[in-house]
Amino acid sequence: MLSQLTCLVAALAATASATPVDVAKRADPTVYLAGDSTMAKTSNGLDGWGPYLSKYVTLPVVNKAISGRSARSFTNEGRFTEIEKAVVSGDIVVIAFGHNDGGSPNSASDNGRSNCPGTGAEVCKSGKTGETVYTYNYYLEKAARALVAKGAQVVLSSQTPKNAWQNGKFSSDVPRFVGYAAAAAKNVGKGASFVDHFQAVTNMYAKLGSQKVNSLYPKDYTHTSPEGGDWVAQAFAQAVAIGYNGTTPLKTYVKSPAPRVFN
Ligand SMILES: *[C@@H]1O[C@H](CO)[C@@H](O)[C@H](O)[C@H]1NC(C)=O
């Protein structure tokens, strides 16, 4: 009897430690954001979408996005580690990279941001420093797994699109990192989910039209104005609210009524 009870207790303990805390059980999780300039707080007439997310969710948002970073450089600078140290069980981390992730690390002018091509265990060697360089998926999945191990839930988001109305003509070429981010969420499994922010914003831009969308890109085709950052945040909140690519832990925290900007 006693040994049966001991077994039961041990089994329960094992289950408990293997299961990340259900975020719904915490009233006050924090949302952390990890990404590049399109998500960061920027200046000089531009702004990313991260600063506007708290208008549409009921949770505090800590924006750790920073201009110019890729999955590789965010990792190498210890920025994921910093978030891993900060999160407590039940927190939510949104990760979005892609704008700075292309290029070749093998080149003599390796910029420290390009990932090794591929989506798996491929490795490259930096043509500049000799550093071993891994794939986009390697960096994202490593970070996501470490966060999930701390009880956080990770939302892997596809990157934002560029201005889809360049020269007044609508076009949308889906970068490879969109599918890579979706695959990363699948590979990590429990504790990870995916939002196709790229598609949501692209659909919103199709609706907004050339004149409006061009007004949201005052300097180049990548970086939005503050108003543009707000629109892009609304597309994210809507995608979360409708479970665009499956349910994420943020869904129950979208303020009502949820934005309705892309369909
Ligand atoms: C996300 O969902 C939307 C709506 O169903 C779909 O159009 C899009 O292709 C999905 N994204 C991915 C990467 O599967």
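Both counts, for ligands and for their atoms, begin at 1 and track the order of listing. What you see is a predicted model; the values in this text were computed from it and never measured.
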- Query: Just which atoms of ligand 1 are under 4.0 Å from any heavy atom in F194?
  - Reply: 12 (C), 13 (C)
- Message: Could you check whether D91 and Q153, counting side-chain N and O atoms only, form a donor-acceptor pair closer than 3.5 Å?
- Response: no
- Message: Assess, by modelled atom type and distance only, whether the side chains of H99 and T160 contain a donor and an acceptor separated by less than 3.5 Å.
- Response: yes
- Item | Results of side chain to side chain donor-acceptor pair (under 3.5 Å) for S193 - residues two or more places apart only | none
- Query: How close does the nearest protein non-hydrogen atom get to atom 5 (O) of ligand 1, and which residue and atom is it?
  - Reply: Y244 O, 4.1 Å
- Message: For atom 7 (O) of ligand 1, what is the closest protein heavy atom, and at what distance to 0.1 Å?
- Response: Q199 CG, 3.9 Å
- Task: For atom 9 (O) of ligand 1, grab the closest protein heavy atom and report residue, atom and distance to one decimal in Å.
- Result: D196 OD2, 4.1 Å
- Query: What class does the angle between the rings of Y136 and F177 fall in, given that below 30° is parallel, 30 to 60° is tilted and above 60° is perpendicular?
  - Reply: tilted
- Task: Give the C-alpha distance, both sets of side-chain angles, the deciding distance and a yes or no for ring-ring contact (aromatic ring centres under 6.0 Å, His included) between F236 and W49.
- Result: CA-CA 9 Å; F236 185 82; W49 64 274; 4.7 Å; yes
- Query: Can you tell me which residue and heavy atom of the protein come closest to atom 14 (O) of ligand 1, and the distance to 0.1 Å?
  - Reply: N245 ND2, 4.0 Å
